[in-house]
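Notes follow the structure.
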Amino acid sequence: MNASATLTSRERVNRMFARKDHDRMPRHEGCWLETLDRWMEEGLPADNHDDAFAVVQKHLGGDLQMVNWYWPHSFPGREEVIEEDEDTRVTKGPSGTIERFWKNKSGTPEHLGWECDEREIWESTYKPAMLEQPVQIDIETVRKQVEKAERHKRWTYLAGVGPFEVIRKILGDELFMMNLIDEPDWIEDMARISMDNFIRNYQVVLDAGIQADGLWIFDDMAFRTATFCSPAMYRELLWPQHQRLAEFAHANGMKFIYHTDGDVRQVVPDYIEAGFDCLQPLEAKASMDVRELVPRYGEELAFFGNIDVTKLITNDLDIIEEEIASKLTVARESKGYIYHSDHSVPPQVSWETYQAVIRFLDKYGTYG
């Protein structure tokens with residue numbers, strides 16, 4: 001951690017959002033489990049993934065801490081094993097998705113089918129189940145996590161998925177995209193009902209007197225070159241729920257962070273109008289670039305991430321230093337930036353390289 005740091009994590013992140021002077025850029029990171037395995041083999045002092053991630057955060061000087069994760073499912077807790085072999089397991093999960101998972105390594109599951117493949121099934125089964133289920137969040141567990149984070153004076157956030165992720169999981173990408181055109185009122189209904197569920201669960205947490213600093217929504221809505229649907233279609237069918245989530249966060253004293261992969265440059269003005277406070281992770285390979293975004297939107301929107309993992313995996317320190325220096329030099333001008341890779345750090349990155357990344361952050365990410 002940077003020896004010149006003088007603020008607590010919570011103070012630092014709050015001042016970043018307020019565009020007030022702070023000692024250094026806030027920091028956060030995600031890593032693959034295989035990355036942590038490699039780093040432990042290369043000298044990271046830890047015995048398991050949980051310990052390893054905590055050690056990485058300590059070295060990094062991580063400022064943010066999640067205190068709860070929530071996904072609105074129609075059948076929470078369901079995992080029906082359909083078939084299994086030595087390497088994989090096929091299951092039907094809480095959203096009705098039938099997927100094949102690797103047992104012993106990370107990776108995107110193979111999507112084999114979706115139980116909710118027509119509107120009648122949504123209306124008769126999935127929608128009532130999502131509407132009628134009791135609150136799923138364990139209030140006391142959240143309270144203990146907040147208290148733990150507060151002892152370390154970290155900036156806390158509640159997290160979960162937004163309408164894009166919920167609908168994609170229930171319908172699959174193809175049926176979702178088709179029904180944006182064929183049955184837009186169905187898509188609107190799914191988005192609204194799932195966010196009713198989401199807000200109802202987190203409102204109970206807040207009503208119990210538990211306070212977090214932020215609400216961080218994970219909701220991939222784009223691929224490498226564009227959003228999954230047109231900006232106009234997004235604005236009409238799904239943007240209202242994003243605005244609703246931002247308003248819910250603000251009404252409860254929280255900042256609103258939005259995560260989406262892909263190229264979302266065309267809809268950044270919509271994000272700002274909806275009340276988003278911060279955009280993450282800014283995939284470099286999808287043409288997202290803080291050197292362009294900060295000068296244009298930096299007074300209205302904070303940016304979080306964008307350090308290109310394709311540069312990190314070279315393990316070439318000259319290439320990596322140039323990536324960090326060029327982006328942080330521009331990002332620091334707005335005082336509204338949080339360090340993160342442009343996704344999660346993959347296992348091609350050595351522990352020696354990542355320690356150099358931290359040194360570069362100390363060099364280029366310190367104010368004053």
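Keep in mind that what you see is a predicted model, and the values were worked out from it rather than measured. Sequence positions, counted from 1, serve as the residue numbers for this chain.
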Pairs under 3.5 angstrom only: tabulate donor-acceptor contacts from the side chains of residues 273-291 to other protein residues two or more places apart or in another chain.
from : atom 1 : to   : atom 2 : distance (Å)
E273 : OE1    : R235 : NH1    : 2.9
E273 : OE1    : R235 : NH2    : 3.2
E273 : OE2    : R235 : NH2    : 2.8
D277 : OD2    : H250 : NE2    : 2.7
D277 : OD2    : F256 : N      : 2.7
Q280 : OE1    : H259 : ND1    : 2.7
E283 : OE1    : G262 : N      : 2.8
E283 : OE2    : K285 : NZ     : 2.9
D289 : OD1    : R291 : N      : 2.8
D289 : OD1    : R291 : NE     : 2.9
D289 : OD2    : R291 : NE     : 3.3
D289 : OD2    : R291 : NH2    : 2.9
R291 : NH1    : S326 : OG     : 3.0

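Within the 4.5 Å cutoff, no side-chain heavy atoms of L64 are placed close to those of S9.
Under the 3.5 Å distance criterion, with hydrogens and angles disregarded, a donor-acceptor pair is assigned to the side chains of S341 and E29. If you check the side chains of D189 and W122, you find a donor sitting under 3.5 Å from an acceptor. Counted by atom type alone, N14 and W155 present one or more donor-acceptor pairs between their side chains at under 3.5 Å. S194 and N197 form no side-chain donor-acceptor contact under 3.5 Å, judged by distance and modelled atom types alone. No side-chain donor from either of Q203 and R200 sits under 3.5 Å from a side-chain acceptor of the other. In this structure, a donor-acceptor pair under 3.5 Å is absent between the side chains of Y367 and D21.
Ring geometry, F228 versus F223: the interplanar angle falls under 30°, so the pair is classed parallel (tilted spans 30 to 60°). Using a 30° and 60° split on the angle between ring planes, Y70 and Y202 fall in the perpendicular class, above 60°.
The CZ atom of R168 sits 6.0 Å away from the CG atom of D220 when rounded to the nearest 0.5 Å.
A donor-acceptor pair is defined here as one N or O able to donate and one able to accept, closer than 3.5 Å; no such pair exists between the side chain of T366 and the backbone of R24.
Aromatic ring centres of H59 and W39: separated by at least 6.0 Å. Between F304 and Y337, the gap from one ring centroid to the other reaches at least 6.0 Å. Annotation: H242 is in aromatic contact with Y258 [ring centroid separation under 6.0 Å].
Nearest heavy-atom pair across T91 and E79 is CG2-OE2, 3.5 Å.
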